[in-house]
There are 2 protein chains.
Amino acid sequence: MPRARSAPTLDDVARQAGVSTATVSRCLNSPERVVERTRTRVLSAVEELGYTPNFGARVMAARRTFTIGAIIPTMENAIFARGLQAFQEELHTRGYTLLVASSAYRPEIEEEQIKSLVARGADGLLLIGYARDAGIYDYLRQRAIPTLVAWAFAPDSTQPCIGFDNRASMQALTDKVIAMGHSRIAAISGILEGNDRAQGRLQGIKDGLRHNGLDPDSLIVVETPYEIEGGAQAFDQAIAGKERPTVVMCGNDVLAAGAMRRARELNLSVPDDISVTGFDDIELARILTPPLTTVHVPHRKMGRRAAVELVKMVEQDSVGLSEQLQSSLKLRGSLKPLT
Amino acid sequence: MPRARSAPTLDDVARQAGVSTATVSRCLNSPERVVERTRTRVLSAVEELGYTPNFGARVMAARRTFTIGAIIPTMENAIFARGLQAFQEELHTRGYTLLVASSAYRPEIEEEQIKSLVARGADGLLLIGYARDAGIYDYLRQRAIPTLVAWAFAPDSTQPCIGFDNRASMQALTDKVIAMGHSRIAAISGILEGNDRAQGRLQGIKDGLRHNGLDPDSLIVVETPYEIEGGAQAFDQAIAGKERPTVVMCGNDVLAAGAMRRARELNLSVPDDISVTGFDDIELARILTPPLTTVHVPHRKMGRRAAVELVKMVEQDSVGLSEQLQSSLKLRGSLKPLT
DNA sequence: ACCCGCATTGTAAGCGCTTACATTTGATTC
DNA sequence: GAATCAAATGTAAGCGCTTACAATGCGGGT
């Protein structure tokens with residue numbers, strides 16, 4: 001059993017194989033440039049010593065990391081899981097590694113994480129939503145770090161982005177809800193500050209009301225963190241008024257799950273006593289009872305496209321193309337026409 | 001607006017502040033060693049240039065990264081989210097950064113990820129479960145990388161580990177199930193190969209049967225990946241026999257959620273027609289209808305303790321103490337006594 | 001036999017930082 | 001005011017790798 005020693009270096013391998021460090025390096029990075037006989041000798045030395053290249057040193061010398069960084073608001077629930085999974089799979093096939101950090105929806109932590117990923121040499125960055133301090137974009141531009149925004153689409157954004165229209169999607173759902181006869185509507189929104197997706201979704205509900213001749217100011221709005229418990233507590237407030245709303249539209253599926261749990265605890269039947277809707281169509285939506293009416297977002301597709309585009313930006317030093325994806329309505333049992 | 005330039009270096013800062021690079025470095029790493037006047041001058045130069053230290057270079061020179069790596073089997077569901085969150089919070093307060101990778105439950109990918117994290121200079125590693133190739137442990141030992149195993153506890157393990165007894169926990173649940181009058185039991189297990197937690201849990205059910213005078217071989221076992229869809233499909237098989245089991249015990253809450261969804265699709269009432277149990281007690285358990293009977297695991301506590309212990313191993317070069325945590329039963333509506 | 005040119009390998013200069021050690025500064029003491 | 005010494009700062013040697021450039025070896029044309 002080998003004793004604890006510090007890791008073997010390129011030098012060790014070179015000595016063991018009786019070649020120069022340059023040759024070893026070439027064996028590892030462009031094997032076709034070294035003749036078969038030498039290569040096998042080097043590779044067996046690598047094997048024998050259990051050599052793993054030192055990433056830091058390699059980065060310094062080569063000034064490329066083949067690493068992409070992504071900063072997502074949270075890992076606590078599955079909102080980003082599926083899209084990120086697809087993102088990383090696509091990166092992997094292209095020879096890149098994904099580094100993920102989470103910001104807990106806090107701008108200052110996000111900034112810290114961005115700097116940390118850049119310091120680690122990320123060749124490119126994926127960020128969620130476009131709303132953030134201009135200073136950060138300057139910082140990224142100054143260092144020429146290709147950056148792509150996902151989970152949101154804004155045609156007028158200066159940043160390339162790939163995603164869907166949160167506002168329009170939510171308005172489409174609202175139109176449907178109203179068409180079913182609902183008019184007393186409550187919204188449980190995620191925290192709006194610094195979150196363009198949450199803002200867009202809430203705006204979508206208001207636009208839907210206006211579009212259908214209802215007063216947007218009549219909308220009951222409760223703001224709460226994107227957590228099940230948040231949704232549960234917000235539900236209490238949402239139904240607290242004298243006339244109970246007939247439908248609670250939630251900013252995402254997680255909030256909706258919390259709201260539905262609370263409804264059950266209060267012995268309110270969904271959808272007989274009150275309807276509930278979500279947003280995202282994560283797996284959760286289908287296991288709720290009743291299944292949740294929600295907005296389906298093509299997460300996997302978004303992740304894949306983002307990877308393709310970001311790699312292109314990195315490798316071709318291009319500016320990045322925005323792309324809008326289409327969401328769709330998933331009508332399920334949690335939403336019922338008002339009789 | 002600054003044009004794209006390559007990032008400023010320590011040298012640039014030193015020149016701008018009119019000091020040596022050593023002084024700048026000290027300002028950043030041990031500010032008390034440099035006099036106030038110089039320090040402010042240096043820091044404003046840092047500010048002005050938007051300097052961020054190059055992590056790779058720093059690692060190479062200092063041979064420490066203050067980075068801890070963790071490799072978890074999946075990020076797709078919330079099984080590890082809560083524990084990992086606590087782990088990272090605790091690390092953060094101690095000045096460490098967490099790097100997470102996922103292995104998709106595949107040993108060869110896990111190995112690759114381990115090497116990648118080591119190459120990136122991780123000061124320590126957190127792994128899930130102890131069952132893996134001995135060669136990996138050798139590799140880690142040779143490089144003297146402190147490694148802690150979590151989510152499992154085995155007193156005889158050579159690796160320090162912190163977790164709970166998967167087998168005993170599941171047996172406790174099984175005892176309870178049998179005490180409620182159930183004897184036709186089906187198990188929906190995660191993939192057993194290479195997964196000591198899944199093996200332990202299944203063994204716990206068998207031991208429970210034996211312990212109560214039932215034949216362990218009568219247990220219906222369906223093996224499937226830890227996914228909702230897996231649970232749903234496995235449910236079909238679990239109830240396919242001529243005599244339907246009265247209870248389906250699932251390897252975790254995610255499988256249970258899938259099973260319950262499928263039961264509803266088949267118009268089987270849980271728990272009137274069939275009972276279901278889970279394992280983990282993630283948030284999911286409480287939002288299911290009916291709420292899920294499961295084994296509660298102190299995930300946050302486990303994450304925190306793991307962080308504390310691993311940092312201790314790194315900083316004091318100690319061997320690491322194992323710790324066993326207690327799980328507990330959460331009896332909820334999905335399990336009903338047989339009348 | 002000689003020279004040319006290509007394929008293969010070696011040499012060595014950094015990449016941006018930390019830190020041991022050397023030097024300078026300045027406060028304190030007599 | 002000179003001597004002493006601790007505090008502050010500077011100098012420079014790497015850390016482990018990649019890669020431009022140099023050197024070497026080899027086959028083939030003359």
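Remember, it's a predicted structure, so these values are computed and weren't measured experimentally.
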Could you check how far [atom1] of [X] sits from [atom2] of [N], rounded to whole Å?
{"X": "B:Arg41", "N": "D:dA8", "atom1": "CZ", "atom2": "P", "answer": "14 Å"}
{"X": "B:Leu10", "N": "D:dT11", "atom1": "CG", "atom2": "C1'", "answer": "15 Å"}
{"X": "A:Arg37", "N": "D:dG25", "atom1": "CZ", "atom2": "C1'", "answer": "14 Å"}
{"X": "A:Asp11", "N": "C:dG10", "atom1": "CG", "atom2": "P", "answer": "13 Å"}
{"X": "A:Asn54", "N": "C:dC15", "atom1": "CG", "atom2": "P", "answer": "18 Å"}
{"X": "B:Arg33", "N": "D:dT9", "atom1": "CZ", "atom2": "P", "answer": "10 Å"}
{"X": "A:Met60", "N": "D:dT19", "atom1": "CE", "atom2": "C1'", "answer": "14 Å"}
{"X": "B:Arg15", "N": "D:dT9", "atom1": "CZ", "atom2": "P", "answer": "19 Å"}

Q: Decide whether a cation-pi geometry holds between A:Arg141 and A:Tyr137; the criteria are a distance under 6.0 Å from NZ or CZ to the six-membered ring centre and an angle within 45° of the ring axis.
A: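 No - A:Arg141 does not lie over the ring of A:Tyr137 by the 6.0 Å and 45° rule.
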Q. With respect to A:Arg120, which candidate in B:Asn54, B:Thr67, B:Thr65 satisfies the side chain to side chain donor-acceptor pair (under 3.5 Å) definition?
A.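 With A:Arg120 as partner, side chain to side chain donor-acceptor pair (under 3.5 Å) holds for just one option, B:Thr67.
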Q: Please tell me which of A:Val19 and B:Ala22 maps to the more 5' nucleotide of DNA chain C, matching each residue to the nucleotide holding its nearest heavy atom.
A: A:Val19
(Q) Between A:Thr21 and A:Glu32, which residue's closest nucleotide on DNA chain C lies nearer the 5′ terminus? (A)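 On the 5' side of the pair lies A:Glu32.
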Quick one: label [X] by what it contacts on the DNA or RNA (base, sugar-phosphate, nothing), any heavy atom closer than 4.0 Å.
{"X": "A:Thr23", "value": "sugar-phosphate"}
{"X": "A:Tyr51", "value": "sugar-phosphate"}
{"X": "A:Val59", "value": "nothing"}
{"X": "A:Thr9", "value": "sugar-phosphate"}

Q: Taking the side chain as every heavy atom from C-beta outward, state whether A:Pro160 and A:Leu148 have any pair of such atoms under 4.5 Å apart.
A: yes
Looking only at side-chain N and O atoms, does [X] come under 4.0 Å of OP1 or OP2 in [N]?
{"X": "B:Arg58", "N": "C:dT18", "result": "yes"}
{"X": "B:Asn29", "N": "C:dT18", "result": "yes"}
{"X": "B:Ser25", "N": "C:dT18", "result": "yes"}
{"X": "A:Arg63", "N": "C:dG16", "result": "yes"}

Q. Does A:Arg26 get its side chain close enough to the base of C:dG10, under 3.5 Å, for a donor-acceptor pair?
A. yes
Q | Side-chain ion pair, B:Glu90 and B:Arg94, N-O less than 4.0 Å | A |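 The answer is yes: the pair qualifies as a salt bridge.
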Q: Name the residue closer to the 5' end of DNA chain D, choosing between B:Val35 and A:Gly56 according to the nucleotide with the nearest heavy atom.
A: B:Val35
Q) Quick one: which of A:Phe87, A:Tyr130, A:Phe80 gives a ring-ring contact (aromatic ring centres under 6.0 Å, His included) with A:Trp151? A)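 Answer after filtering A:Phe87, A:Tyr130, A:Phe80: A:Phe80.
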